Number of protein chains: 4
Amino acid sequence: MPKVSEAHLTQRRQQIMAAALACFSRQGFHRTTMQDIVKESGLSAGAFYTYFASKEAIVVALAEEHHRTEAAALAGADTATDSVDALTTLAQVSLGRLDNAEERQWRRVTVQLWAEALRDPHIMEVTRSGLDGPLEVLTDVIARGQREGTLPPGPDPGATARVCAAIFQGLVLQQAWEPELDVSSYIEAVLAVLAGLATAAAGAQSVTTG
Amino acid sequence: MPKVSEAHLTQRRQQIMAAALACFSRQGFHRTTMQDIVKESGLSAGAFYTYFASKEAIVVALAEEHHRTEAAALAGADTATDSVDALTTLAQVSLGRLDNAEERQWRRVTVQLWAEALRDPHIMEVTRSGLDGPLEVLTDVIARGQREGTLPPGPDPGATARVCAAIFQGLVLQQAWEPELDVSSYIEAVLAVLAGLATAAAGAQSVTTG
Amino acid sequence: MPKVSEAHLTQRRQQIMAAALACFSRQGFHRTTMQDIVKESGLSAGAFYTYFASKEAIVVALAEEHHRTEAAALAGADTATDSVDALTTLAQVSLGRLDNAEERQWRRVTVQLWAEALRDPHIMEVTRSGLDGPLEVLTDVIARGQREGTLPPGPDPGATARVCAAIFQGLVLQQAWEPELDVSSYIEAVLAVLAGLATAAAGAQSVTTG
Amino acid sequence: MPKVSEAHLTQRRQQIMAAALACFSRQGFHRTTMQDIVKESGLSAGAFYTYFASKEAIVVALAEEHHRTEAAALAGADTATDSVDALTTLAQVSLGRLDNAEERQWRRVTVQLWAEALRDPHIMEVTRSGLDGPLEVLTDVIARGQREGTLPPGPDPGATARVCAAIFQGLVLQQAWEPELDVSSYIEAVLAVLAGLATAAAGAQSVTTG
DNA sequence: AATGAATGAGCTTTCATTCAT
DNA sequence: TATGAATGAAAGCTCATTCAT
């Protein structure tokens, strides 16, 4: 085939990435051979290397896509004026997004990316920026809440943001292990925690201002 | 049969496990070769196979040791009569335990075990029982708190327990990525969350009983 | 059939051969990929195969071109009546021709053709005829010189011709390795050898005839 | 097999080198696969890599062995007081050495090393030092001959040494191409050339001193 | 005639495991 | 028990060539 449309090239890349995602989810990065990916994609070994430089490159490409998708999902979820509302929305959006059969492959691959990041600086970079972005957003919202008195004033906003991030990460992990896990009750529990913080803040506020 | 003392055997096993832990932490399971472990341990390839059946076996052995150690650390941390106190103690003990340079290797290996569990039923079993045990303890404590009115009555105790577990898992992950992370402020933030729940429960209680 | 002028075809062939020569000189036959040649030539992979049947075919084509050029350079260099003069002219022409920056690529490729000839009967044929032609000319001239008494009568003319060929081949090799080698002093040394033979013949002659 | 004698290791290395030499002579470096070498050596693929780091490494090892053997063969061949005698001895020893069926493999591999040297700095280094050593010896002998009047005074000793080296290199090449080539008549022709130089020197001397 | 994405056999190298000593 | 050289299947990747457009 001669010169081919840009769209064709993009579609091929995605075809390969989808195949790789399926293989990685099923067998992990290291137990997946190039043959597996090639077979799953319906292409040839050579074709793969037209689109990706190496096996590692496709892991990085997947990490980047994952990061992009997650960032997009969160974009604009923190616009609520009230910071507790903002946190609630963020929790619902980010956690709710995981309750999706189509995300199952991604959850499994995400856990592997966490491990892979420990070895590969490039993947670490991408993976970390998937944490640092939300962490910043959360820290800002929490700090605002503390200033406004809708959140308890004591704990460091950055540390609290990390706790929120952990609540997300832990769900990813637990769901990867147990696909049928009930996400909605998990979200309810998280919302109860947020409500608790709001209540405590209100109490502290009334004491302060009372 | 130049029989050798039981102690000698145990010591050799631990020598190999320490070597494997160091290698796995440094390079990951899959990038670590048997040669690496053998070299690090100061033994020979043949000797390794006297003590472990395979490369996978040592991963499982490490998972089991990790599980055992964690279980021991938590044992008896939930004895407080008051359930919020019990949760507070559990948080301090489990999270505080991570704030330890010597645990650094373990944190990195733990994250890899999470990924590995997705592929290997044996590791999944061990890893899951490292989650299920604490989950049961937490669920009991939380259910008790709800009955006694020291925790808000709404959310499912099991789901809330999962949120607590997530707070632990997320810290392991974040610390693996960022060894210098400030654990004490993280713990403070967690305690503030628990305090919030207690406050909210107290409020709900007074409304109910008032 | 968008037929194209003969000249166009010839020009394309030479364009490709020049590209191949450059690549082969730079990286050797085996380290040069078709992609390299295609890129260097500014054509497409498909276009290459319109003009040459295979990668090997272009090596053969280069060998043939090399052979043709060398034969042309030597043609008519042996016309001197006196055989020592003829040898001197042959030496000056053939060796002098090498002292040329433009020949540098060819020298490097020639050495590779020598090696390649050992594997490929077709290249051996072409390469050998590049030796056998001159060998015949030299043998004739030397035999004549011996008959006429201008060269010492002892050694086999064919063997002496081979020594002359070796003097040429060795220079090609040494220049390929050391592009800045001083060819003119090399030629002087060769001429001194020829002069020595002439002197020895003259002495022998005077003894015989005296 | 456990710890094994030094001799065993050396023998294995030589076993592999012999196998590689046979393969390279037969099919060239690039057409020889590791499988070929492994099969010829009677060992396994893994065993090869216990003794050599790569396919390239064995080419270098062969180049080094070749260099060593040649240097040894020439050592002490230039001790004759008279420089023409010394040159004669050098010619007989170095050229005569090639007239040996066992050397056939080496001749073919040598020609390939010449080509390989153009690409690989390490092989170039080894190969070049196989030329530079003899060149130095020859230059010294020739310069001495010129001082003593046993060789014609005109040409640069270094250049003349290169001509001598070429006579050797050309024979290697011609023999590689034509195994049945008559070396003894080639040597005779070379000796006649040397005799010619001696005669010319004697003549020049008598003119000068006469 | 020209394109260049696609092919897939075949390459070099690795490494978990074994077993003669 | 301990050794470490040996094994060989299987890995990731390359590249000469083809052919639909």
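Note that this is a predicted model, so its numbers are computed, not measured. Every chain is numbered from 1 and lettered A, B, ... according to where its sequence line falls, protein lines coming before strand lines. In what follows, every heavy atom counts, from backbone to side chain, and hydrogens, waters and symmetry copies are set aside.
Here the rule is ring-ring contact (aromatic ring centres under 6.0 Å, His included) with C/H66, and of C/F24, C/W106, C/W114 only C/W106 fits it.
Ranking E/dT13, F/dC13, F/dC15 by closeness to the A/Y49 side chain, first place goes to F/dC13. Side-chain atoms of B/K55 lie closest to E/dA16 of the nucleotides E/dA16, E/dT12, F/dT14.
Between E/dA1 and C/R12, no contact under 4.0 Å exists linking OP1 or OP2 to a side-chain N or O. Distances shorter than 4.0 Å separate none of the side-chain N or O atoms of A/H30 from OP1 or OP2 on E/dA16. Side-chain N/O atoms of D/H8 include none lying less than 4.0 angstrom from OP1 or OP2 on E/dA20. Close to E/dA2, at under 4.0 Å from its OP1 or OP2, lies a side-chain N or O of C/Y51.
Atom P of nucleotide E/dT18 and atom CZ of B/F52 are separated by 16 Å, given to the nearest angstrom. Separating the CZ atom of C/F48 from the C1' atom of F/dC15 is a distance of 13 Å, rounded to the nearest angstrom. At whole-Å resolution of the value, CD1 in D/I16 and C1' in F/dT7 are 13 Å apart. Straight-line distance from the NZ atom of B/K39 to the P atom of E/dA16: 15 Å, rounded to whole Å. Atom CG of B/L9 is separated from atom C1' of F/dA2 by 13 Å (rounded to the nearest Å). Whole-Å rounding puts the B/M34 CE to F/dG4 P distance at 15 Å. The CD atom of A/E6 sits 13 Å away from the P atom of E/dG4 (whole-angstrom rounding). For B/R13 and F/dT1, the CZ to P distance is 14 Å, given to the nearest whole Å.
In terms of modelled atom types and a separation under 3.5 Å, the side chain of D/T32 and the main chain of D/G28 share a donor-acceptor contact. Listed for the A/Q112 side chain is a donor-acceptor partner under 3.5 Å among the backbone atoms of A/F29. Within the 3.5 Å criterion, the main-chain N or O of D/T33 finds no donor-acceptor partner in the side chain of D/K55.
Taking all atoms of both residues into account, the shortest heavy-atom contact from B/Y49 to B/S54 is CE2-CA, 4.0 Å.
Comparing B/G46 and D/Q35 by the nucleotide of DNA chain F that holds the closest heavy atom to each, the one mapping nearer the 5' end is B/G46. Remark on DNA chain E: of its neighbouring residues C/T50 and A/T50, the 5'-side contact belongs to C/T50, judged by nearest-heavy-atom nucleotide. In terms of position on DNA chain E, the residue among A/L43 and C/A45 whose nearest nucleotide sits closer to the 5' end is C/A45.
When both distances must be under 3.5 Å, the Watson-Crick or G-U wobble mate of F/dA20 is E/dT3.
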